[in-house]
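In what follows, a single structure is set out as structure tokens and then discussed.
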Amino acid sequence: MKILFISSNRLKRVMPPMPLGLASVIAQIDEGSHQIRVLDLMFLDEPEKELRETLSDYRPDLIAISIRNLDNQSSLYSEYFLPEAKALIELCRRHCSAVIVIGGPAFTVSPQAVLAYLKADFGIAGEGEIAFSELVERLEAKKDWSDIPGLVWREHEAVRSNPMKFIENLDALRLPRRDLFDNERYAFERGLANIVVKQGCAFNCLYCDSPFTLGRRWRMKSPERVADELEIMQKDDGISMAYFSDPIFNCPAEHAQAVCEAIKRRDLGIRWVASFHPAFIDRHLLSHMREAGCILISLGCDSCSDKMLKTLRKGFTKDQLAAAIGSLEEMEMNYILSLLIGGPGENRETVEETIRFLEPLNPFLLDFCAGIRIMPHTDLADIAVREGVIAPDDPLMEPRFYCSGDVREWIEEYLREACSRHSNWTLAHNEP
């Protein structure tokens, strides 16, 4: 079977992410039995022209399209990307008769609604490495495919789906096919080579759908597997900077430390960035991380008000956040702070409390978002339904935002003014 893989993401804001998930899915395909071609739209000047030429030249039997983002998650300057994906699929339909399969993080948010809108033949929700490979083999052999985990398909006028199944043994997967993508260009465009250390999220933030899309418990790669992957990224792909894409790297702390030890044993020169939970920062782990090449830590603290931290169910207090930042600054480790302003109960008092907390700090970058993107399968979505912000049957494909009525009318101007006083404070996505 001739398979064309398309990475549809063209969003470059902040940094262009290399399509690691798609690279991992491709790696599981048996190239002895199937032909593979990849079209990455990220850096193309004329993506539609390139796609038409590829379809004409390659004539694929199956097209697999990865969709990374539904939108840019900005309430101030909202961009909705599914119409672009729909146009992409329509172009494929006009120029070839291939079976079309969609997947990726955006598809997993609301699989049935997205498939119905895009009118693809199949979709795979969740981790697609095993499911997609199985679908390819069964389509090739003309065998029944209706029991494949995570599969979504159209049947007459209805859309049917199977429950997702998470991959337990991440070490058993073949290494992602990074060689099929322009790693040098991604790095040149300020990108970091992303790597998965573990999957899942054991936390329960009010607005986050990661427990649903990734699973509620950690599934971890072995430390040696992580070191293997970093070493190959460095030697084969010339990568010198990596981003650990786990929602939280430093929990469990024992695994994080073991990963650092494995990296140090290889004496790798690669530098890396990771996301941290403030409640689990300790100097011992930070020392190991610095020795292993960590140069920047991202703290998604969301708020610096105890009231809002409790409402958002962040799992730490303002005092714990202060202690974590104090440790980072005393050890001279760079850090980024990300704030989500406007959750349920947010008011002028909580916003001003957050700003007062932030003023004396010295982050590498501090980023505000005004309003919170409402995601399916979250308690924030339930609150939004009760308050009449969204309809009960809204699949939340199109961007919908929650912003407390007590701050909605003035928060953008207030945050712009606060950012104007600090060169390293930004208001996310506030302009094209």
Side-chain angles (χ1 to χ4, degrees), residues 13-14 69-79 109 201 203-213 247-248 275-279 297-318 320-322 324-325 335-359 361 363 365-384 387 389-390 396 399-419 422 424-430:
R13 187 173 281 126
V14 183
N69 303 297
L70 290 173
D71 58 276
N72 65 344
Q73 300 212 343
S74 168
S75 66
L76 303 182
Y77 184 80
S78 185
E79 296 178 275
V109 169
C201 184
F203 298 99
N204 191 34
C205 296
L206 183 76
Y207 56 84
C208 183
D209 65 344
S210 288
F212 172 78
T213 59
I248 300 294
S275 297
F276 258 51
H277 191 290
I297 288 171
S298 176
L299 291 174
C301 57
D302 295 345
S303 177
C304 307
S305 157
D306 272 326
K307 173 190 171 182
M308 292 308 300
L309 290 172
K310 184 176 181 180
T311 297
L312 297 175
R313 300 203 300 249
K314 295 302 297 178
F316 58 87
T317 65
K318 184 166 70 170
Q320 287 176 306
L321 177 61
I325 293 173
Y335 63 96
I336 294 173
L337 294 175
S338 300
L339 286 299
L340 287 177
I341 305 297
E346 189 89 81
N347 55 33
R348 186 171 290 275
E349 180 181 351
T350 60
V351 173
E352 290 179 348
E353 181 184 1
T354 290
I355 298 300
R356 283 196 303 272
F357 180 95
L358 296 171
E359 287 282 2
L361 303 181
L365 177 68
L366 191 154
D367 188 46
F368 290 101
C369 279
I372 303 175
R373 175 48 155 106
I374 305 169
M375 305 300 286
H377 314 290
T378 65
D379 288 339
L380 181 61
D382 295 337
I383 292 171
E387 295 184 4
V389 177
I390 59 173
L396 297 172
R400 307 277 188 254
F401 295 89
Y402 185 98
C403 192
S404 167
D406 289 336
V407 305
R408 188 180 302 124
E409 298 302 320
W410 53 268
I411 191 60
E412 179 181 353
E413 182 180 353
Y414 181 93
L415 292 177
R416 286 185 190 278
E417 193 281 326
C419 290
H422 301 269
N424 59 339
W425 288 24
T426 64
L427 181 55
H429 313 324
N430 64 342

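What you see below is based on every heavy atom in this structure, not just the backbone, and it leaves out hydrogens, waters and symmetry mates. Residue numbers count from 1 along this sequence.
Other residues, nucleotides and ligands contribute at most 12 non-hydrogen atoms within 6.0 Å of the NZ atom of K310. Under a cut-off of 6.0 angstrom, the local environment of CD in E409 is sparse, with at most 12 non-hydrogen atoms contributed by other residues, nucleotides or ligands. Atom CD of E359 sits in a crowded spot, with more than 12 heavy atoms from other residues, nucleotides or ligands closer than 6.0 Å.
Contact record, S303 with L321: O-CD2, 3.9 Å, taken as the closest heavy-atom pair. Listed here is the closest heavy atom pair of T311 and P344: CG2-O, 3.3 Å. Taking both residues in full, the closest heavy atoms of D71 and S74 are given as OD2-N, 4.5 Å, listed atom of the first, atom of the second, then distance. For I355 against F368, the heavy-atom pair with the smallest separation is CD1-CZ, 3.7 Å. In this structure, I374 and F401 approach most closely via the heavy-atom pair CD1-C, 3.7 Å. The minimum heavy-atom distance between N424 and P363, with the atom names listed, is ND2-O, 2.7 Å.
S404 contributes a side-chain N or O that, together with a main-chain N or O of E346, makes up a donor-acceptor pair within less than 3.5 Å. Between the side chain of D302 and the backbone N or O of K314, no donor-acceptor pair lies under 3.5 Å.
One finds no salt bridge joining R348 and D406 here, because no Lys/Arg side-chain nitrogen approaches an Asp/Glu carboxylate oxygen to under 4.0 Å. Looking at K318 and E353, a side-chain N of the basic residue comes within less than 4.0 Å of a carboxylate O on the acidic one, giving a salt bridge.
Contacts of D209 classified as side-chain hydrogen bond (donor to acceptor under 3.5 Å, both in side chains), with partners at least two apart in sequence or in another chain: none.
E387 and Y402 are linked by a side-chain donor-acceptor pair at a separation below 3.5 angstrom, with hydrogens and angles left out of the test.
Considering L339, T426, L361 as possible partners of L366, the one that fulfils the side chain to side chain contact (heavy atoms under 4.5 Å, CB included) test is L339.
Relative orientation of the W425 and H422 rings is parallel, given thresholds of 30° and 60° on the angle between their planes. Classification of the H377-F212 ring pair by plane angle, with boundaries at 30° and 60°, yields parallel.
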